[in-house]
Amino acid sequence: MIKAIKGTKDILPSDMPLWHFLEENVRNTMREFNYSEIRTPVFEETRLFARSIGESTDIVGKEMYTFTDKSENSVTLRPEMTASVVRAYIENSLDRLQPLHKLFYIAPMFRQERPQAGRLRQFHQFGAEALGSSSPLLDAEMIILGYNIIKSMGLTDLAVKINSLGIPSSRENYKNILKDYLSPKLKELSEESQKRFETNILRIFDSKNEKDAEIMNDAPVLLDHLDDESLESFEQVKTVLDASGIPYQIDPKLVRGLDYYTNTTFEILSGSVGSQSALCGGGRYDLLAEQLGGKASPGVGFAAGMERILLACQNENSIPDQKPEIDVYIANFDKSKISEAYNFANKLRGNGFSVESDYLSRSIKAQLREANKNNARFVVFYGGEELAENKIQLKNMTDGEQANISLDSMDSIIEKIRG
RNA sequence: GUGAAUGUAGCUCAGCUGGUUAGAGCACCUGGUUGUGGCCCAGGAGGCCGUGGGUUCAAGUCCCAUCAUUCACCCCA
């Protein structure tokens, strides 16, 4: 039997109500904040991701779906969206149309990792990117957007963490301070962290190793070594967040894994999805556009994992399950009138009703059961004695009442179904 | 890439220390009087017990391998 590729999942009709609910909430919130949808290709030149996300990151180093196409070009299934959005922004000269662009997306992403709870190889993210302004208002807006959407899914076990990584010069300066602190303790660190000491020292803060954590607890913290401008910006983000009423914690150890971040970074975590608890993450990336060959242009954004959010919803039982319903089920007595009944169904559909009819030529009893399974509000019995008198029988499935109505008075049939 | 657990009907699982034709609940189908749903009742269909090898008179049950799934590490949404 051919099965779906490891780490991929079918999203079945029974899952759809939940997905649609999330997507609607995303679109509504994005509309409230005036973000416009953007769609970009699922695959890009490999260089785009290598340059933006960073060669030393795990995403680029070992998680990308990269292959060579028939023209010998190296292409990659997008592991995240920010690089693509910035590329599209530059390539289409959006910055010349207007100074500020606020964009959102809902799209599949691909990373070749070992699947586990809340982690898939093809997964879906929604997210937003605001390009063209370095206003801290937008940093705060990203957190508010993400938080509001997640909240709209009824989730409660949440934590918002924010931090600032500052600008490269102050960060480089700080890295040296951190190096000085860690050098004498280097041998006490885990093997993994010793490697990071060379490749990306900040990420030692991420380590879940106990000894590492102990050592890092007393480590000097980037927040204490920020330049004045970054500090000022961070203060403003906090001011806006305070006013918004969103509860948050400052986490000096929050170091996001992607290379392009500057200044504000944040995460929204859930306590109900297992080990992969980040539902949403983002931050500012003021140097990315220039790095990708565009005009210098500040930006800030976030991405949220849809499967993770839905997993949290299931675990917290935050969304009452609602069965989809149809307006009318057409049951027919007469096999000889099957196409006539079918046309009658189409007539109702033409009036905007959702209508199902029998395709299996089953007994009336079976058809009624089918109507019930479809959550039909009404059943039309088509055929038999009534049809001989040019009538149908209309049954209200909620109270069981039924009445004969002449086919000549379509209007009153429609009116009854409208309720 | 590393570690652990689990693979029996569509789904969730039982199957005791190896012993005849492999079970339950849910779901599905058909009935419970002529043409009427949800509840209830009766019946039915559905399983190379993940795959391959081994031990044994005998394997769903024990051993090995393999594949798959799940969870965790790493990292991230």
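Just so you know, these numbers use all the heavy atoms, side chains as well, and skip hydrogens, waters and symmetry mates. Numbered from 1 within each chain, the chains take letters A, B, ... in sequence-line order.
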**Prompt:** Can you give one letter per nucleotide of nucleotides 28-38 of chain B, going 5' to 3': B for a protein heavy atom under 4.0 Å from the base, S for sugar-phosphate only, - for none?
**Reply:** SSSBB--BBBB
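Sorted by first then second residue, the salt bridge (charged side-chain N to carboxylate O under 4.0 Å, His left out) pairs that include residues 348-376 of chain A, not counting sequence neighbours, are A/Arg362-A/Glu370, A/Glu370-A/Lys373. Contacts classified as side-chain hydrogen bond (donor to acceptor under 3.5 Å, both in side chains) and involving residues 100-110 of chain A (residues at least two apart or in different chains) are given here: A/Lys102-A/Glu141.
Under the salt bridge (charged side-chain N to carboxylate O under 4.0 Å, His left out) criterion, A/Asp212 pairs with no residue at all, not counting sequence neighbours. Considering only residues two or more places apart in sequence or on other chains, A/Ser277 meets the side-chain contact (heavy atoms from CB on, under 4.5 Å) condition with A/Leu269, A/Val273. Every side-chain contact (heavy atoms from CB on, under 4.5 Å) that A/Phe123 has, sequence neighbours left out, goes to A/Met109, A/Arg111, A/Leu120, A/Gln125, A/Glu307. In this structure, the side-chain contact (heavy atoms from CB on, under 4.5 Å) partners of A/Asp334, at least two apart in sequence or on a different chain, are A/Ser336, A/Lys337.
Looking at A/Arg377, its side chain never comes within 3.5 Å of a backbone N or O of A/Ile326 through a donor-acceptor pair.
Taking the P atoms as reference points, B/rC13 lies 36 Å from B/rG32, given to the whole Å. Using C1' as the reference atom, B/rC48 and B/rU8 are 13 Å apart when rounded to the nearest Å.
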**Asked** In dot-bracket notation, what is the pairing pattern of RNA chain B, taking Watson-Crick (N1-N3 plus N6-O4 or O6-N4) and G-U wobble (N1-O2 and O6-N3) contacts under 3.5 Å, with [ ] crossing and | for other strands?
**Response** (((((((..((((.....[...)))).(((((.......))))).....(((((..]....))))))))))))....
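Taken residue by residue, residues 2-19 of chain A places heavy atoms nearer than 4.0 Å to RNA chain B at A/Lys3, A/Lys6. Using a 4.0 Å cut-off on heavy atoms, the residues of residues 305-331 of chain A that approach RNA chain B are A/Gly305, A/Arg308, listed by number. RNA chain B is contacted by A/Gly274, A/Ser275, A/Gln276, A/Ala278, A/Leu279, A/Cys280, A/Gly281 of residues 274-285 of chain A, taking any non-hydrogen atom closer than 4.0 Å.
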Protein and nucleotides 3-13 of chain B: nitrogen or oxygen contacts under 3.5 angstrom:
none

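Ring planes of A/Phe43 and A/Phe67: parallel class, angle under 30° (limits at 30 and 60°).
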